[in-house]
Structure formats: structure tokens, C-alpha cells
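Quick notes on the structure that follows.
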Amino acid sequence: MGDLAPEEICDYAAEDADVTFQLDHLLREKVKEAGCQYALEQCEELLVPVLLDMEHEGVRINSGALKEYGRELDRELLDLEIKIRELGGGNFNPSSPKQWGEVLFDYLKLDPEAARTTSGQYATSEDVLQRIQDRHPIVPMILDHRACSKLKSTYVDKLPECIDPNTGRVHTNFAQALTETGRLSSSDPNLQNVPIRTQRGQRIREAFVARDENHVLLSADYSQVELRVMASLSKDKGMIEAFKRGADIHMETAMRVYGVLELFVTPEMRSACKMVNFGIIYGISAFGLGQRLGVPRKQAAELIETYFIQYPGVKKYMDKAIQDARDTGFAETLLHRRRYLRDINSRNATSRQGAERNAINTPVQGTAADLIKLAMVRVHRELRERRLKTKMVLQIHDELLFDVPREEADTVRTLVRNAMTTVLDIGVPLDVSIGVGDNWLVAH
DNA sequence: GAGGTCACG
DNA sequence: ACGTACGTGACCTCG
């Protein structure tokens, strides 16, 4: 097409000689047959210009603060390397899991039954090391070193390099049609995995700032959106009622599962039930839950059994999700977005069970993605209609981040909350928590 | 380029 | 008896 003038390209397309043009027609028919027309036309196609604007807008980071933090991390890393060398004796690369495995399990013999990865190396991942961290002072130092070097190489050193010299801002790429469930993904750089969980990580969040002193960042995130979607899909009476009441769902679950009043729910009980709730969304297995709770598989199985007695609708949903996928060969979301599951009837138990978890999880994760995508389209349109200067800059699965003129903050807070909570009625109230501040850490 | 690890929701 | 919680992206080592 390179040698054609614009009018000729149109002629070419009009004659249906253009392959892209023909494909558009053909694929739209297929989309229609699959019942995905609404998802395509009312969600994805409307989202394209929204994402384009967000990528174009970018987000400001305080590179000076990051560079200073980089020097602090360097000092921490150097200290750790000196201490590690004193304790370990040898000269090895602290970034090499292979060498660490040999030091910990061949040389120091910290675990005679050390697990190995599929390739035969010793496993040295965080959960493995945490189990043995009391056996030698070098183990917590490895974990510390790993944490520091991860943050430094992936974020602290890298983000300042990503500042576009033309705009002075960081521009991510959103992939709209990449994930299996309908979520977005973000890359080059990925701004959907900016640290927050640890104190060190929070220093990095703090470096994401509003465009200037006249602006603030506003973060709006759906609270427990996937559990609400599970309540909706399963129509479980108790779970829906708990959300309607505005209950703390993990606390509520603990009260039910352990059969006690709120006063008698310990932090451990609530935390265990929080893990069960997550597990439910993922397509729970007694083994997986037991591993994460650090309890025997049997005890985990009993916990799950009690859970299903308390939330029978959830159990029914899970069985039906699997059966539907077996019958149709796919799982679907509220907007009928499909994920084909080729292994759902496999004779290989491992891959079949994997597909069964996908059959349970995909409608949940995917419907949550549908909701926020529709909300993005609506918020973008309303900001434009009301001539507001606020810019949507990031989407992080259940959170939207905006760069807001200070004087618009109150208006936008209301607009965004309203759009996000009322975008679709799923029979379960949606709740959005909103924060405002000079940086992302404070706003979130 | 694969494998291991780990950052996020 | 299987091997095991869902979805991503990026960095590092090593052959």
C-alpha cells in the first residue's frame, strides 16, 4: 500500500481488495455469532481512544527523589554484600539463585530435604527461604538483598530512564487485547506493578507525583471488586447480604466459618478467611490453601468445607462454571467475553484441573475487567462533556489514577465515584474508595 | 532464550 | 495418582 495516494487507498478498501478491510467484515461476523458484539462495540472499541489519551498523557515522576533513593539502596546492598561474604566464606554472585542453592543446601546443609525446581536446581524462592530463615543469619540477608536489588534495578534505576525528553513524563503502553481474561496489561515500562507493599516500595510510589504544584493525584479503587463479582455470579444469599450491609467481608466470613461473634474473631482467624476468600476466586485447592496458611492439607480441606456450608451458592457456582465450560468449551464474562479452555475435557488430570480453575476464575477476573473498562469509557466521556481538565493517567486493574487541577478535585471525586459505582448493576453494591494527594502513595 | 525470581492486582 | 491457587511484565544468570 506504500505507493498509493490516500484516495487510492480508499478506493482500494471500497473495492474490498484491502485484506484488512475484508478481515474486519469477516471477523465482525464471527464476533457477532459468538455473542461478543456488545463487548466489542460498546466496550473495547470505545476504550481505544481512552487508552490512547492515557498513553499520550503519561505520568510525572520525581527522578531526583528516585536517584537519591538509589544511592541509599546502593549503600544497603554494599553493606549486605560485605556481611554475606563474611558469613558465607566464598566469593559468589548474590544475584544467582543457582549459586545460592549450592551455598545454602550443599555447603551449609540448611535443609536435607531441600526442594528442587523442574530443572533440578535447588528452589530458593522467597517462601522457601522464609521457612528456613531461622537456621542461619545469612538467609534473611539474602532476602533483604533480593528485595533491594529488585527495587533498584526494576524501578529506582529504570524509571528515570523512561522519562520522555519531549514531555518530561513516563508513558506506558497498554495492551488491550493480550490477556486471557480481558484485563489490560502494561509494559515498557510496566506501571501496573509499581511497588507498594513494603516500606522500601512505598518510597517508589511516593515518587509518582502530580504534574505541578497546581495539581494533585486522585486515586479511585474498587474495594473487593472480585468478591463482589463472585457474590453476583453465584447469587449467594449470605454473601450478597453481607455486601449490602457494608460488612467487612473477611470478618464476616470468619464469624460464619468459626461460628463466633465479631468480638471473638482473632486477627489470625480473619487473615485465614481472607486467604480462603482469595482462594475461592482462584479456584481453590486444599493443597494450595494449606501451603499458604502453613497448615496440613486436611485442615485446609475442612476449612473449605465449612466455607461452602456457609456460602452454598458459591459452591454451586463453582460446579456450574466447570460444567458450563465442559459443555461449551469456553468460560465467559458478564459482557460475554470468551476464554476458550482447550484442556477442560483433557484426560490429563493436571491440565484439566488447571482449566477448571480457569473456568471458575475467568468470569470473576474478566467481569471485574469489563466493569472498570466500561467505567473508564464513561469517566473519559463525562470529563470531556463537562470540559474538565482532569486527565486519567493509569489503570491498575481495580484502580484508576487521575492528574487533577486542585480546584477540580471535589468535582472529580464525585464524578468518578458515581461513574464507577453505577456503571453496571450487578445486583451487589459496588464500593469505591478515593484518595487525593501530591503523590501516589498519599492518594492511594 | 529459558529458567528462576519477584513486583503488582 | 496426579501436582496444584488466578492474571500479568521485567530483571538477572547461565548455557
Side-chain angles (χ1 to χ4, degrees), chain A residues 92-101 115-129 142-143 145-159 162 172-175 178-198 200-202 204-205 221-226 229-230 275-293 297 300 304 318 321 331 339 346-366 368-369 372 394-400 440 444:
Chain A
F92 46 84
N93 183 345
S95 300
S96 168
K98 182 164 180 280
Q99 293 180 33
W100 272 125
R116 291 173 188 270
T117 66
T118 46
S119 73
Q121 272 188 45
Y122 287 114
T124 68
S125 58
E126 187 174 354
D127 57 320
V128 171
L129 295 192
I142 306 169
L143 287 167
H145 190 281
R146 288 237 181 108
C148 287
S149 58
K150 175 82 175 184
L151 295 186
K152 185 162 190 297
S153 64
T154 309
Y155 306 99
V156 176
D157 289 346
K158 205 49 95 287
L159 286 172
C162 295
T172 186
N173 295 291
F174 287 111
L178 180 146
T179 69
E180 296 281 358
T181 57
R183 274 188 174 187
L184 300 179
S185 92
S186 159
S187 65
D188 309 298
N190 182 355
L191 296 185
Q192 288 182 323
N193 71 348
V194 176
I196 189 166
R197 291 175 188 167
T198 65
R200 289 187 184 110
Q202 293 184 7
I204 297 167
R205 279 263 163 151
D221 72 273
Y222 280 118
S223 57
Q224 279 122 25
V225 65
E226 292 193 348
V229 168
M230 174 59 91
M275 296 233 216
V276 180
N277 277 327
F278 273 108
I280 289 295
I281 288 165
Y282 296 153
I284 203 157
S285 77
F287 184 93
L289 179 65
Q291 181 133 5
R292 270 156 195 79
L293 287 178
R297 175 206 169 99
I304 294 169
M318 292 172 69
R339 176 183 188 174
S346 168
R347 266 77 68 205
N348 178 316
T350 305
S351 51
R352 186 179 63 248
Q353 286 160 1
E356 289 172 355
R357 291 192 294 276
N358 294 152
I360 292 164
N361 173 262
T362 295
V364 177
Q365 190 180 114
I372 197 166
L394 292 178
Q395 186 253 43
I396 312 95
H397 310 304
D398 60 359
E399 174 186 5
L400 298 176
W440 195 3
H444 184 74

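Quantities reported herein were computed from a predicted structural model and do not represent experimental measurements.
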How would you label the contact of [X] with the nucleic acid (heavy atoms, under 4.0 Å): base, sugar-phosphate, or nothing?
{"X": "A:Ser149", "result": "nothing"}
{"X": "A:Ile396", "result": "sugar-phosphate"}
{"X": "A:Thr154", "result": "sugar-phosphate"}
{"X": "A:Arg200", "result": "nothing"}
{"X": "A:Thr118", "result": "sugar-phosphate"}
{"X": "A:Asn348", "result": "nothing"}
{"X": "A:Arg357", "result": "sugar-phosphate"}
{"X": "A:Ala286", "result": "nothing"}
{"X": "A:Gln365", "result": "base"}
{"X": "A:Leu184", "result": "nothing"}
{"X": "A:Glu399", "result": "nothing"}
{"X": "A:Gly279", "result": "base"}
{"X": "A:Asp188", "result": "sugar-phosphate"}
{"X": "A:Glu226", "result": "nothing"}

Closer than 3.5 angstrom, by distance alone: can the side chain of [X] be matched with the main-chain N or O of [Y] as a donor-acceptor pair?
{"X": "A:Gln395", "Y": "A:Leu400", "result": "no"}
{"X": "A:Ser96", "Y": "A:Asn93", "result": "no"}
{"X": "A:Arg205", "Y": "A:Gly201", "result": "no"}
{"X": "A:Ser187", "Y": "A:Asn190", "result": "no"}
{"X": "A:Tyr155", "Y": "A:Asn193", "result": "yes"}
{"X": "A:Gln99", "Y": "A:Pro94", "result": "no"}

A:Trp100 ring center within less than 6.0 Å of A:Tyr122 ring center: no

Phosphate oxygens OP1/OP2 of [N]: is one of them under 4.0 Å from a side-chain N or O of [X]?
{"X": "A:Thr124", "N": "B:dT5", "result": "yes"}
{"X": "A:Ser125", "N": "B:dG4", "result": "no"}
{"X": "A:Arg197", "N": "B:dG9", "result": "yes"}

Secondary-structure stems, DNA chain C, at least 3 Watson-Crick or G-U base pairs under 3.5 Å: B:1-9 with C:6-14

Residues in side-chain hydrogen bond (donor to acceptor under 3.5 Å, both in side chains) contact with A:Asp157, at least two apart in sequence or another chain: A:Lys152

Exercise: identify the closest heavy-atom pair between A:Pro189 and A:Ser186: O-OG, 3.6 Å

Residue pair A:Arg297 / A:Gln291, side-chain heavy-atom distance below 4.5 Å: no

Please state how far atom [atom1] in [X] lies from atom [atom2] in [N], giving the value in whole angstrom units.
{"X": "A:Lys98", "N": "B:dA2", "atom1": "NZ", "atom2": "P", "answer": "19 Å"}
{"X": "A:Arg183", "N": "B:dC8", "atom1": "CZ", "atom2": "P", "answer": "14 Å"}
{"X": "A:Gln202", "N": "B:dA7", "atom1": "CD", "atom2": "P", "answer": "13 Å"}
{"X": "A:Lys158", "N": "B:dA7", "atom1": "NZ", "atom2": "C1'", "answer": "14 Å"}
{"X": "A:Gln224", "N": "B:dG9", "atom1": "CD", "atom2": "P", "answer": "14 Å"}
{"X": "A:Trp100", "N": "B:dT5", "atom1": "CH2", "atom2": "P", "answer": "13 Å"}
{"X": "A:Glu126", "N": "B:dT5", "atom1": "CD", "atom2": "C1'", "answer": "10 Å"}
{"X": "A:Ile281", "N": "B:dG9", "atom1": "CD1", "atom2": "C1'", "answer": "11 Å"}

Span of DNA chain C in contact with chain A (heavy atoms, under 4.0 Å): C:dC2 to C:dG15

Donor-acceptor side-chain pairing of A:Asp127 and A:Ser125 below 3.5 angstrom: yes

Pairwise distance CD(A:Glu356) to OG(A:Ser351) - rounded to 0.5 angstrom: 10.0 Å

Nucleotide nearest A:Asn193 (side chain, heavy atoms from C-beta), chosen from B:dG9, B:dG4, B:dC8: B:dC8

Whole-Å P distance, C:dG3 and B:dA7: 29 Å

Whole-Å P distance, C:dT4 and B:dG4: 12 Å

